[in-house]
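Here's the structure we're looking at; comments come further down.
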Amino acid sequence: MNSSKDLYSEIAQFLENEREVYGPFSMAETEINADTEPSVSAAKPTGETIKTVVEEENKEYRSMTTREKIEACSTLDELHELCEKAEELRTDLKGTNLVFGVGNPQADLMLIGEAPGAEEDRQGEPFVGAAGQLLNKILAAVNFNREDVYIANILKHRPPGNRNPNPDERSRSLPYLFRQIDLIQPKIILCLGLISGNTLLNREDLLRDLRGGFHPFRGADLTVTYHPAALLRNPQWKRPTWEDVQKVRKRYDELGCKP
Ligand code: URA
Ligand code: URA
């Protein structure tokens, strides 16, 4: 085995030979920089590192499907923000405002209408026009405050001329509404009108076949009654509506829902 002294002289001899053949050792400026720069920035960490992590996460988020983004919302605020950016929630009426939903995020009773009208679009809140005034009275008649329940619609944007939401608009909107329902976890859902009931239950029934009973739906008891706008045109439907909301009140109390 060589002693370290032998090793040293061997290396010295090797370097001497190299120098004779290739000339004196030197490094180009660029080589020095290339060698030192990465280690300098690696030693000086945070700002750059954090930026890289955030960029990676943004890239990951952008590559998620819409469904995955919806499912990733863990609060109503996050879902609200996602809905603000969602072009697919729009109808072919330009420049409308998002009407996300209103009320108590922990509500045991959730009301679901059809789509925003002109006044709802203006204010960004569901059921604030004439139908909304009547809805408030119907709720008050069975001792519910508007603030205690949660109110949303099948569509979150106003359709042109208040026409019925078409099947395509409904199916683009439903994943967002389902997430909204799952985040609120109501015990009872009251659908206002035939469109809302048939859309959620995925049926094409008549209102008389939908109302009167409760249907299991995403962990809630779902029932359907007349749309308040329909009551404004057809006062004879007020009595059956009154019966429906009394049933809702009764079920609400039986289930021990919040007062
Ligand atoms: N009609 C609805 O279905 N929803 C509203 O928000 C207003 C009127
Ligand atoms: N038909 C509807 O479309 N809605 C109602 O509320 C009642 C009848």
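As the structure is a prediction and not an experimental result, all values here were calculated from the model. Start at 1 and go down the list; that is how both ligands and their atoms are numbered. Just so you know, these numbers use all the heavy atoms, side chains as well, and skip hydrogens, waters and symmetry mates.
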Review point. Considering only the protein, which heavy-atom contact is closest to atom 4 (N) of ligand 1, and what is its distance?
Key: N153 OD1, 2.8 Å

Exercise for review: Pick one of side chain, backbone, both or neither for how E114 approaches ligand 1, counting any non-hydrogen atom pair under 4.0 Å.
Suggested key: both

Check your understanding: Where does A115 meet ligand 1, judged by heavy-atom distances below 4.0 Å: at the side chain, the backbone, both, or neither?
Key -> backbone

Practice item. Over all heavy atoms of both residues, which pair between L194 and L207 is shortest? Give the atoms and the distance, please. Key: CD1-N, 3.3 Å

Review point. Would one find more than 12 heavy atoms of other residues, nucleotides or ligands at under 6.0 Å from atom NZ of K250?
Key: no

Exercise for review: Answer with yes or no whether E125 contacts ligand 1, where contact means a heavy atom under 4.0 Å from a ligand atom.
Suggested key: no

**Study point:** Numbered atoms of ligand 1 (with element) below 4.0 Å of P126, judged on heavy atoms
**Key:** 6 (O)

Practice item. Answer yes or no: does atom CG of D168 have more than 12 heavy-atom neighbours from other residues, nucleotides or ligands under 6.0 Å? Key: yes

Revision key, fill the gap. If we number the atoms of ligand 1 from 1 as shown, the ones under 4.0 Å from a heavy atom of G113 are 3 (O)

Point to revise | H227-ligand 1 polar pair, N/O distance under 3.5 Å | key: yes

Check your understanding: Is there a side-chain contact between F127 and L192 (heavy atoms, below 4.5 Å)?
Key -> yes

Practice item. Could you check R163, K156, H157 and say which one makes a side chain to side chain donor-acceptor pair (under 3.5 Å) with E169? Key: R163

Review point. Do any nitrogen or oxygen atoms of F127 come within less than 3.5 Å of a nitrogen or oxygen of ligand 1?
Key: yes

**Study point:** Distance (rounded to the nearest 0.5 Å) between M110 CE and C191 SG
**Key:** 9.5 Å

